[in-house]
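Below, all heavy atoms of this structure are taken into account, side chains as well, without hydrogens, waters or symmetry copies.
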Amino acid sequence: MSTQEFEQVDINSFLDHTEDVSPADNNGAFTDRQNELINQLLDYTKENDKEHYQTFMNRIMDLNSIDSSVSKFPSLLERSELAGGTRTRTTLIESLIKHQDAGDRTLRLPSKAVLGKSLLIAKAHTLSNFAKYTGHLGKDFEKLSKAFDTETILSMFSLLAEDVYLNLISDTEQPMEFRREWALSLLLLWEHWNDETSENVAPILQSVWTARRKLAPAFGTMMGTSELLLISMQMDDQWISFIKQKMGDDGVSHAMEEFLFGISTEQIQSLRQILKTKGIPAIGRDEVSKFLGEHVKADAGLDYRDFYSMYTIRRDNARSRARLHLEGPKKTLEDYFIQFVTAENKEKQNNDTFAKS
C-alpha cells in the first residue's frame with residue numbers, strides 16, 4: 001500500500017476552490033471501492049441535504065485524521081529499531097506463536113494493531129450509518145445502500161478474522177507452517193485491515209447466517225444440520241466441500257449446531273433432555289428461553305453487530321472449554337472453516353508446484 005493512500009488531506013482546500021474534484025478522492029481511511037460509494041453519497045447530499053452533507057464530511061475528516069495517526073506507527077512488515085531492540089516480520093511472527101497466555105492478549109499486541117482496530121470499528125459504524133441513510137432515500141438508492149451494507153459486513157469480518165487467526169495460531173495441534181502462515185496473515189490484516197481471506201470467506205458465512213434464519217429450526221429435532229443446509233440453499237463449492245468432509249468431526253458438527261441454533265452446546269444438550277423428559281417433540285426459537293429457564297437470544301437479525309456479538313459468545317465458550325478441558329467444541333465454526341480453507345489452499349499450492357516440476 002503506498003504512503004499516498006495514508007496522506008492527510010485538508011478537504012476544505014478543494015471544497016472551496018475546486019468544485020469538480022470529488023471530496024472522497026483522498027480519503028485514506030477508506031478503500032478505493034468505499035470511496036466510490038462515498039462519492040455518490042456526498043454528491044447527493046451536497047445538492048439535496050446540506051446538513052447531512054456537512055455531518056458526513058466531518059465524520060470522514062475525523063476518520064482520515066485517525067488514519068493519518070495510525071500510518072505514522074512503524075510498519076509491522078518491515079524492520080524497525082525500537083526501544084526493546086530490532087523488530088522484524090519474523091520476530092513478530094515468532095512472538096505471536098510463543099506467547100499463548102490464556103487471558104486477554106491486548107497488552108501483547110502491537111500498538112498499530114490496536115489503533116487500527118479502533119479505526120476499523122469507527123469505519124464500520126460510519127459505513128452502517130451511510131447504509132441506513134441511503135436506505136431511506138427510495139428505490140433509486142437501494143443498490144448504493146446494499147453496497148454500503150456489504151462494506152460494513154466486510155469490516156466486521158475483518159474483526160472476526162483477527163480473532164480466528166489468534167485462535168488458530170495458539171492451537172499447538174496445528175502444523176507449525178500453518179501457524180506461521182496464520183501469523184503472517186494476521187500481520188497483513190493489522191497493517192491494512194483488509195484481509196483477503198475474510199473477503200473470500202465473508203460472503204459464504206453471511207449466506208449461512210441468512211439461511212439459519214430462514215431454516216427456523218425446530219429445537220428438539222436438531223439433527224441433520226448438513227442436510228438442512230445443502231437442501232435449503234445453493235452454496236459455494238468450497239462450503240459444500242467443507243460440509244461433506246468435516247461434518248463427521250464432532251467438534252465441527254457441534255460448532256455448526258451452535259452457529260445455526262444460536263445457543264451453546266451445553267444449552268442444546270439440556271434442551272434436548274428437557275424436551276425428551278416432557279415428551280415434547282420440538283419447539284420454536286421463541287420458546288427456548290422458557291424451557292431453559294433463562295434468557296437466551298436464540299434468534300438474531302441480519303445486523304452485523306448481532307452476527308459479531310453471537311460469534312464472540314461462541315468464541316468465549318469455546319475458549320472456556322479448551323481452558324477447563326470440558327466436553328464440546330473447542331473452536332468456533334469460523335475457526336474450523338478458515339482452518340479448512342487454509343489446508344485446502346496449501347494442498348492446491350503443493351499440487352500446482354508438483355505439476356510444474
Side-chain angles (χ1 to χ4, degrees), residues 100-105 160 163-175 178-179 182 201 205 208-209 211-212 215 217-230 239 242-285 287-300 307-343:
Q100 301 300 334
D101 301 332
D104 191 284
R105 306 172 194 171
L160 188 150
D163 273 336
V164 171
Y165 286 141
L166 287 169
N167 290 341
L168 294 175
I169 291 166
S170 66
D171 186 353
T172 56
E173 295 182 1
Q174 296 300 313
F178 281 16
R179 295 172 69 191
W182 289 320
V201 169
L205 291 178
V208 181
W209 177 258
R212 72 180 287 281
L215 289 174
F219 290 83
T221 60
M222 295 179 284
M223 302 292 288
T225 299
S226 60
E227 288 78 11
L228 283 172
L229 280 174
L230 290 170
W239 174 260
F242 170 67
I243 294 293
K244 289 180 177 179
Q245 293 184 42
K246 298 299 181 180
M247 279 302 292
D249 182 294
D250 285 342
V252 176
S253 62
H254 289 152
M256 174 71 81
E257 284 186 335
E258 288 191 333
F259 183 97
L260 286 177
F261 303 127
I263 56 179
S264 70
T265 293
E266 293 77 12
Q267 290 170 324
I268 290 173
Q269 292 173 346
S270 295
L271 189 57
R272 280 184 173 138
Q273 187 58 45
I274 291 170
L275 297 182
K276 181 179 179 182
T277 300
K278 293 180 177 291
I280 300 174
I283 60 174
R285 275 198 176 113
E287 300 176 280
V288 172
S289 293
K290 180 181 71 174
F291 279 87
L292 286 176
E294 59 180 309
H295 175 70
V296 293
K297 191 176 181 180
D299 193 13
F307 191 115
Y308 189 74
S309 176
M310 296 192 76
Y311 160 76
T312 59
I313 292 172
R314 291 182 287 109
R315 176 202 65 192
D316 292 346
N317 287 341
R319 287 178 179 176
S320 294
R321 294 187 196 103
R323 185 172 65 253
L324 300 174
H325 305 287
L326 300 175
E327 292 185 2
K330 309 298 192 298
K331 299 176 185 176
T332 65
L333 181 66
E334 291 84 352
D335 292 335
Y336 284 117
F337 185 47
I338 289 183
Q339 179 181 324
F340 172 80
V341 170
T342 302

Does some side-chain heavy atom of [Y] sit less than 4.5 Å from a side-chain heavy atom of [X]?
| X | Y | value |
| --- | --- | --- |
| Asp163 | Arg319 | yes |
| Phe178 | Leu168 | no |
| Phe261 | Leu271 | no |
| Phe307 | Leu160 | yes |
| Arg179 | Asp171 | no |

Q. Only one of Arg321, Glu173, Arg323 clears side-chain contact (heavy atoms from CB on, under 4.5 Å) with Lys330; which?
A.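 That would be Arg321.
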If you look at every heavy atom in [X] and [Y], which pair is closest and at what distance?
| X | Y | result |
| --- | --- | --- |
| Val296 | Ser289 | N-OG, 3.0 Å |
| Ala255 | Leu333 | CB-N, 3.8 Å |
| Pro329 | His254 | CD-CB, 3.7 Å |
| Asn167 | Tyr311 | ND2-OH, 3.9 Å |

Once rounded to the nearest 0.5 Å, what's the spacing between atom [atom1] of [X] and atom [atom2] of [Y]?
| X | Y | atom1 | atom2 | result |
| --- | --- | --- | --- | --- |
| Phe291 | Gln267 | CZ | CD | 15.0 Å |
| Asp250 | Thr265 | CG | OG1 | 10.5 Å |
| Thr332 | Asp316 | OG1 | CG | 10.5 Å |
| Ile263 | Glu294 | CD1 | CD | 9.0 Å |
| Ser320 | Leu326 | OG | CG | 8.0 Å |
| Gln174 | Trp182 | CD | CH2 | 4.0 Å |

Q | Test log, rule side chain to side chain contact (heavy atoms under 4.5 Å, CB included), inputs Tyr336 and Lys246 | A | CA-CA 9 Å; Tyr336 284 117; Lys246 298 299 181 180; over 6 Å; no
Q) Quick check: are there more than 12 heavy atoms from other residues, nucleotides or ligands sitting under 6.0 Å from CD of Glu266? A) yes
**Q.** N-O pairing of Glu334 and Arg315 below 4.0 Å
**A.**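 Salt bridge: no.
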Q: State plainly whether the residues Glu257 and Arg272 are in salt-bridge range, i.e. N to O under 4.0 Å.
A: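 Looking at Glu257 and Arg272, the cut-off is met.
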Q: Decide side chain to side chain contact (heavy atoms under 4.5 Å, CB included) for Arg105 and Ser170; before the verdict, give the C-alpha distance in whole Å, the side-chain angles of both, and the deciding distance to 0.1 Å.
A: CA-CA 12 Å; Arg105 306 172 194 171; Ser170 66; 3.7 Å; yes
**Q.** Ile243 vs Met256, side chain to side chain contact (heavy atoms under 4.5 Å, CB included): CA-CA, chis, key distance, verdict
**A.** CA-CA 10 Å; Ile243 294 293; Met256 174 71 81; 3.2 Å; yes
